[in-house]
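Remember, predicted model here, so these are calculated numbers, not experimental data. In this chain, residues are counted from 1 in sequence order.
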Amino acid sequence: MTRVVFVCLCLVALVALVALACPPTAAASLAPGDFAAGLALPEADGTGIHALEVPVAVYEKAVRPDLADVRVFNGAGEAVPHVIRTVAESREEVRQPVPFFPLPGKESQQPGDLSLRVALQADGKVLSVDAGSRGPSTQASSYLFDATRWQAAGPLTGLLTLELYWRSPASGLVTVSLMHSNDLVHWQPLVDRAVLADLSYQGSQVVTRRISLPSRVLSYIRLDCIDCREPLLLEKVVALAGQPVAGDPWQWTRLSAGQITEDQGQRLVVYRLGAKVGVSAVQLRFPKANSLLRAAIEAREPGSGTWRQVVRSDFYRLDLEGTPLVNPMATCPPVFATEWRIRAIADHAGLEHSGSLPELELGWKRQEILFLGRGQGPYLLTFGSAKAAAETVSGQDNLVLAAVRDTGSESHIRRIKTLTPVTLAGDQALQPPKLAAVSWQKIVLWLVLIAAVALLAAMARKLLRELHAKTD
């Protein structure tokens, strides 16, 4: 029995020897040289919280789509806490109906045939408009909008847009102008020319019903048709207002057409995206005016052979009397894909030939990097590293966001605008690190340890057999 205990102690000592001979290797800390590229941040220092918008170059070089291989280093080569967050839209849209009153059209405004009576309340609100004439009756092609209603309401101060709904005339196209006044007598130009459209052609639609206004308008707005062949029959007018958006919440990249093929009579145009982004908006930019295309936008994930439809919509660019009409962008859930293509479903002068192929615009929500200034500069933003992508960084995002929240310093964040490209390790940093070469001393040590373990195992087996023999 004593010999068994002795063997067990020898095994324990051997295991301890192995642990001492081969201690766990601590992961080497990251350095700027572990990254493919960087951007110098000369405006950053060791105080406060800094922020910068994620440049497209970062998406193109990053190994991981979630940008986990992005770091910010100070002048001493130490990584400082940082977080990447989506830039939120700051606009809260408010909608409110606008009272409107029909007025005689310009074609009936001859001297002596017009009688106009406007009844106002004490606060200037329009009660009624009576447009009488001693000549033949005409339908309205001009309207009076009562802006005092929304000016009196706090949330709508600073009207931005009017949204009009009407019974579509046969042409489906209306050109209007806007004037504004404080006393219904003296009028000033507000919008010289605006085009409203509600067109349909072979199942495709072009709808434009909004007119953007200056941030400040007077109490009354008058809409006049310009060369209206048919009366404009308004049914509803809505005012849209709110806090202006702090910059475009979308970040865009524009792709040129690549390979062109056909599948079952439908033309396919392929595009390639180099940035690793979650695309959530698409748009087509036609090189020629009066282009119209019904298309499906499809995408293919990296390493996948299957195309899937992202959006299906009508895309157009119409130039009407110098006023461009462009379809609104199409949105979708975030898609991470490198290959994109257009599948033309109904081509109405949108893909005539290779010389007029549209560019594909892909958009994603803007992101920004927040980091804590800690230590002396110069500061460096680095990105593109297989080594950094393999690491997990926990707690940094909570630390930075908690600092912003608890100190109420959101409005005091220092925005960095100056970015200077810096070449670091290049594309070799994007490759997974190779296994380190094993020295011959370690090989000999492991062979000795394995032989010792085998010898001890044989001795233990022999002792067990002897014990069993004595017991029998």
Looking at residues at least two apart in the chain, or sitting in another chain, which of them share a side-chain contact (heavy atoms from CB on, under 4.5 Å) with [X]?
X: Pro334; value: none
X: Asp192; value: Pro189
X: Asp45; value: Thr47, His50, Arg414

Checklist line | Residues in ring-ring contact (aromatic ring centres under 6.0 Å, His included) contact with Phe73, at least two apart in sequence or another chain | finding: Phe35
Check: Partners of Trp307 by ring-ring contact (aromatic ring centres under 6.0 Å, His included), sequence neighbours excluded?
Finding: none
If you measure from the Lys or Arg side-chain nitrogens to the Asp or Glu carboxylate oxygens, is any gap between [X] and [Y] under 4.0 Å?
X: Asp69; Y: Arg64; answer: no
X: Glu163; Y: Arg209; answer: no
X: Glu43; Y: Arg415; answer: no
X: Arg308; Y: Glu298; answer: no
X: Asp34; Y: Arg71; answer: no
X: Glu359; Y: Arg285; answer: no

Taking all heavy atoms of [X] and all of [Y], pick out the closest pair and write down the distance.
X: Val277; Y: Phe336; result: O-CD2, 3.3 Å
X: Trp166; Y: Leu196; result: CH2-CB, 3.6 Å
X: Ala147; Y: Leu218; result: CB-O, 3.5 Å

Notebook entry, point to check: After noting the C-alpha distance and the side-chain angles of Trp340 and Leu273, does the key distance pass the side chain to side chain contact (heavy atoms under 4.5 Å, CB included) rule?
Noted result: CA-CA 7 Å; Trp340 293 75; Leu273 174 65; 3.9 Å; yes
Notebook entry, point to check: Would you say the side-chain atoms of Ser219 and Asn182 include a donor-acceptor pair closer than 3.5 Å?
Noted result: yes
Notebook entry, point to check: Just by distance, with hydrogens left out, do Tyr59 and Gln367 show a side-chain donor and acceptor under 3.5 Å apart?
Noted result: yes
Check: Taking everything shown except Glu301 itself, do over 12 heavy atoms lie less than 6.0 Å from its CD?
Finding: yes
What distance do [X] atom [atom1] and [Y] atom [atom2] have between them, rounded to the nearest 0.5 Å?
X: Leu41; Y: Ile416; atom1: CG; atom2: CD1; answer: 5.0 Å
X: Leu67; Y: Ile369; atom1: CG; atom2: CD1; answer: 7.0 Å
X: Ile342; Y: Arg267; atom1: CD1; atom2: CZ; answer: 11.0 Å
X: His186; Y: Met179; atom1: NE2; atom2: CE; answer: 12.0 Å

Notebook entry, point to check: Under a 4.5 Å cut-off applied to non-hydrogen side-chain atoms, are Thr208 and Val195 in contact?
Noted result: no
Notebook entry, point to check: Taking C-beta and beyond as the side chain, do Cys332 and Val310 meet within less than 4.5 Å on heavy atoms?
Noted result: yes
Next item on the list: Could you give me the CA-CA distance, side-chain angles and deciding distance for Phe145 and Val237, then say whether side chain to side chain contact (heavy atoms under 4.5 Å, CB included) is met?
Entry: CA-CA 9 Å; Phe145 299 157; Val237 179; 4.0 Å; yes
Next item on the list: Return the set of residues passing side chain to side chain donor-acceptor pair (under 3.5 Å) with Glu235 (not counting sequence neighbours), or none when no residue passes.
Entry: Arg167
Next item on the list: May I ask you to check whether Trp187 and Tyr220 place their ring centres under 6.0 Å from each other?
Entry: no
Margin query: A cation-pi test, strictly: NZ or CZ of Lys236 under 6.0 Å from the centre of the six-membered ring of Tyr165 and no more than 45 degrees from its axis. Yes or no?
Written below: yes
